[in-house]
Amino acid sequence: MTTPDFEGFKTRVQINEPQQGPKPVSQAGVKFDSKGREKKVEVKDDKKKEEEQSFFSKYWLYILGAMFILPRLLSPAEEGAAGSEGAAPAQGTRR
């Protein structure tokens, strides 16, 4: 088997570096990251500068509610408190 003759085919290759496209017109002071996305700038509020509240000033309502509800839930049920205060205790029937 013989190798075919390719003298009739002549190919040229030209390699170019990629060119930078046009950059968007933006406001002054806007920063972009390495991928071209706009960086988010943290806004400093006066609320963040306020000192943090204490534990009791944040949760006083829940503490107060727990002080009234938990003792009632955890105490044993009183006998006769189900609306039979004036009734006589039930006795067995005699024959």
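Any value given below was found using the heavy atoms of this structure, including those in side chains, with hydrogens, waters and symmetry copies removed.
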Measure across Pro71 and Ala66 and return the closest heavy-atom pair with its distance rounded to 0.1 Å. CD-O, 3.7 Å

Phe55 and Ile63: CA distance, side-chain angles, deciding distance, side chain to side chain contact (heavy atoms under 4.5 Å, CB included) verdict: CA-CA 10 Å; Phe55 178 79; Ile63 294 170; 4.1 Å; yes

The reported gap from CD1 in Ile69 to CG in Leu64 (rounded to nearest 0.5 angstrom) is 9.5 Å

Within one Ile-Leu-Val-Met-Phe-Trp-Tyr cluster: Met67 and Tyr59, side-chain cutoff 4.5 Å: yes

Would a hydrophobic clustering, with Ile, Leu, Val, Met, Phe, Trp and Tyr connected at side-chain separations under 4.5 Å, put Leu61 with Phe56? no

Could you check whether any side-chain heavy atom of Arg72 comes within less than 4.5 Å of a side-chain heavy atom of Leu70, counting everything from C-beta outward? no

